[in-house]
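Below is one structure, written out as structure tokens, with a few remarks after it.
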2 protein chains.
Amino acid sequence: MVSLKDVAKIAGVSPSTVSRVINRTVFVSEETRIKVEKAIAEVNYRPNLLAQSLRLKVTKNIGLLVPAIDHPAFSLLIDNIEASASKRGLNLLIFNTHNDYKREAEAIDMLLGQNINGIIFCRVSDESYIDNLSRAYSIPMVVIDRAYDNEKIPNVTLDNYQAGALAAQHLLDVGCRRIATITGNFKINLSRDRYAGLVETLAKNGVQFDERLLWKGGFTYEAGIDGVNHFIEEGLEFDGLWGQNDMVAIAAISTLVKRGLRVPEDVAVIGMDDVRFSEVYNPSLSTIYQPFAEMSDIAVDYIDKLTSGETIAQNKVRLQPSLVVRNSTLKG
Amino acid sequence: MVSLKDVAKIAGVSPSTVSRVINRTVFVSEETRIKVEKAIAEVNYRPNLLAQSLRLKVTKNIGLLVPAIDHPAFSLLIDNIEASASKRGLNLLIFNTHNDYKREAEAIDMLLGQNINGIIFCRVSDESYIDNLSRAYSIPMVVIDRAYDNEKIPNVTLDNYQAGALAAQHLLDVGCRRIATITGNFKINLSRDRYAGLVETLAKNGVQFDERLLWKGGFTYEAGIDGVNHFIEEGLEFDGLWGQNDMVAIAAISTLVKRGLRVPEDVAVIGMDDVRFSEVYNPSLSTIYQPFAEMSDIAVDYIDKLTSGETIAQNKVRLQPSLVVRNSTLKG
DNA sequence: TTGAAAGCGCTAACAG
DNA sequence: CTGTTAGCGCTTTCAA
């Protein structure tokens with residue numbers, strides 16, 4: 001590996017001068033600058049980021065913790081965060097917490113010993129260890145998506161109550177009256193918020209939610225399958241269903257169809273997130289759009305600002321969801 | 001930040017002793033070890049990886065280049081690579097090359113200046129810059145999935161010809177005779193290999209492939225949609241279709257159904273990769289399984305071994321695909 | 001405008 | 001078994 005010293009020797013100047021040329025930190029005479037640049041090119045020199053970071057106590061890396069990687073919503077999120085990071089010249093270190101708050105704690109612990117600038121943290125659930133988090137405070141940190149009700153760490157989230165409200169309103173609008181829902185684990189507060197938005201909006205419109213039509217199965221395909229099977233086996237009737245994410249909704253549709261029901265004619269189904277394949281599913285899936293790109297950009301920007309010592313005016317951002325209507329709810 | 005020196009002072013020993021306790025590199029007397037450990041715990045000391053890496057010239061980071069993140073096959077691959085890396089205490093730095101060989105070249109260039117141990121490289125296409133790659137040789141590198149025909153860099157790939165053969169054989173077995181295929185870009189050699197496997201296996205079985213039923217649309221949903229629309233608009237008849245990945249196959253099914261055709265009764269459709277949602281699609285998708293987990297593990301292991309200076313006996317591994325039969329081809 | 005020197009936090013001879 | 005010393009590659013005072 002060719003070092004700054006080598007370049008200095010070739011250019012016939014001191015190491016500090018080479019450093020100054022590279023970082024444009026102070027003025028260097030045209031003449032020497034050219035000599036140095038020539039030497040750099042000659043040996044194809046690249047600064048050693050390790051040494052640089054050690055000296056400067058800042059790195060270009062940020063850590064990202066997600067509960068799952070191969071999950072359409074999270075891969076979409078990761079994709080967006082990567083884009084935001086790379087736009088700012090930051091690198092992403094990704095860790096999968098596997099929806100397990102113990103592994104999450106280990107990962108945080110590890111991350112703190114890592115050469116990173118900050119952590120973007122998509123918490124597993126309300127069980128996530130608080131004490132580790134407070135230790136984590138020693139480096140910039142932002143929580144995305146799954147924040148606590150009274151999150152102290154800067155965070156960017158969705159108005160999940162409103163997501164539930166939109167889903168309820170749309171199902172009512174297309175004529176549904178007996179509405180079922182399959183939710184995420186209630187240890188994740190956004191599952192509760194989404195649910196509350198649904199139930200309260202139905203109530204406001206004179207429709208009482210039947211709690212037997214609630215299945216807290218989680219954010220997986222299995223939840224969608226199990227939920228629908230459960231409802232049907234219990235002999236419960238329903239004409240509308242909200243799956244709290246698109247995977248669940250799609251699994252629900254698939255199960256309904258297998259059971260001989262038509263979607264949307266017999267049951268209108270709406271999902272959440274607007275992941276890529278919801279558009280291609282058969283029938284195409286109505287859903288609640290979640291602005292992942294915007295959320296990612298805000299989160300990365302936080303880290304960036306916090307790192308450079310800037311103070312941030314607003315340390316909580318809550319974005320609004322919106323309704324996407326496709327065929328799975330169009331009773332036409 | 002508390003440093004090793006601080007710990008040494010508290011424990012009343014020299015910095016080297018503290019280092020020795022931490023790294024268990026040589027024997028330290030029970031007595032001093034305990035003193036040191038107590039001091040470490042007292043101030044909650046964590047070694048600075050930056051300094052450690054600078055000194056040792058090895059990091060715990062590996063870079064991963066993928067053509068896309070939010071693509072079911074790649075998020076599955078990323079998921080598996082993360083698992084393999086984390087199992088070995090390695091961190092993953094992810095870069096999205098956006099299927100663009102120019103951005104890919106930039107990313108490699110950047111990665112080379114990064115504090116990484118090695119690169120796992122999922123090449124965009126045959127257009128990927130060779131010269132950059134050879135420069136990249138200065139650090140351990142392994143190509144996964146999309147390797148060249150005569151790849152010089154250690155690589156782990158699938159027997160893509162065999163994948164095509166399996167698809168062809170299965171479609172023949174369920175009674176198809178007019179078979180269409182939608183392939184990846186032919187600049188990616190695995191698209192060509194898969195295609196060759198299909199065509200030659202058909203020929204071996206006395207079925208001549210009609211080249212008008214080839215659509216080189218790429219690995220996207222759009223390709224599946226466009227391909228089917230094209231075939232139908234050209235008035236071409238077909239009773240079987242292979243999409244070279246699951247997204248394409250699913251988009252094809254969705255388009256066929258929209259056009260009033262039944263799957264599998266009118267057209268049997270098979271995909272490739274066996275991503276998560278192919279099982280949940282309606283109808284569930286027959287596909288060619290690709291052993292991503294195994295591929296990932298081999299790739300990460302390569303980097304790990306190369307880093308520690310071990311020589312690797314076999315620097316090319318080619319794994320076998322297998323057939324997964326579901327409803328989209330069961331004409332029953 | 002440039003060079004010398006110190007030091008970021010760590011490890012590894014080398015000596016004892 | 002442990003301490004002293006040098007140095008990884010870089011930046012930044014401090015002087016000149």
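Only this structure's heavy atoms are used, side chains among them; waters, hydrogens and symmetry mates stay out.
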**OP:** List the steps, then state whether side chain to side chain contact (heavy atoms under 4.5 Å, CB included) holds for A:L111 with A:F95.
**Re:** CA-CA 9 Å; A:L111 227 38; A:F95 296 86; 3.0 Å; yes

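With rounding to whole Å, B:I22 atom CD1 is found 9 Å from C:dC10 atom C1'. What separates CZ of A:R55 from C1' of C:dC10 is a distance of 15 Å, to the nearest Å. Between B:L54 atom CG and C:dC8 atom C1' the separation is 9 Å, expressed in whole Å. As a whole-Å value, the separation of A:I34 CD1 from C:dT1 P is 15 Å. Between A:N48 atom CG and C:dC8 atom C1' the separation is 13 Å, expressed in whole Å. Atom C1' of nucleotide C:dC8 and atom CG of A:L49 are separated by 15 Å, given to the nearest angstrom.
When each of B:R146, B:R318, B:K316, B:R123 is paired with B:E151, the salt bridge (Lys or Arg N to Asp or Glu O under 4.0 Å) condition holds for B:R123 and for no other. B:R88 pairs with exactly one of B:I303, B:D304, B:I62 by the side chain to side chain contact (heavy atoms under 4.5 Å, CB included) rule, that one being B:D304.
Here A:K87 pairs with A:D297 under the side chain to side chain contact (heavy atoms under 4.5 Å, CB included) rule; sequence neighbours left out.
Each of A:L50 and B:E31 lies near DNA chain D, and the nucleotide nearest B:E31 is the one positioned closer to the 5' end. Along DNA chain D, the nucleotide nearest to B:L56 and the one nearest to A:N23 differ in position, and the one closer to the 5' end is contacted by B:L56.
For A:S16, taking side-chain heavy atoms from C-beta onward, the closest of the listed nucleotides C:dT2, C:dA4, C:dG7 is C:dA4.
Atom NZ of B:K60 has 12 or fewer heavy atoms from other residues, nucleotides or ligands within 6.0 Å.
Using a 4.0 Å cut-off between charged nitrogen and carboxylate oxygen, A:K35 and A:E31 do not count as a salt-bridge pair.
Residue-level contact check: A:S53 touches neither bases nor backbone, having no heavy atom under 4.0 Å from any strand. Backbone-only engagement by A:T32 is indicated by non-hydrogen atom pairs under 4.0 Å involving sugar-phosphate atoms exclusively.
Nucleotides of DNA chain D lying under 4.0 Å from heavy atoms of chain B occupy a range whose first and last members, 5' to 3', are D:dC1 to D:dG9.
In this model, a donor atom of one side chain and an acceptor atom of the other lie less than 3.5 Å apart for A:N91 and A:N61. In the model, B:S14 has a side-chain atom that pairs as donor or acceptor with a side-chain atom of B:T17 under 3.5 Å.
Closest of all the heavy-atom pairs between A:Y45 and A:V2 is CD1-O, 3.4 Å.
Considering only side-chain N and O atoms, A:T17 lies under 4.0 angstrom from the phosphate OP1 or OP2 of C:dG3.
Counting distance only, with no hydrogens placed and no angle test, the side-chain atoms of B:R46 and the base atoms of C:dG9 include no donor-acceptor pair under 3.5 Å.
Interface residues of residues 3-13 of chain B facing DNA chain C, ordered by number: B:S3, B:L4; criterion, heavy-atom separation under 4.0 Å.
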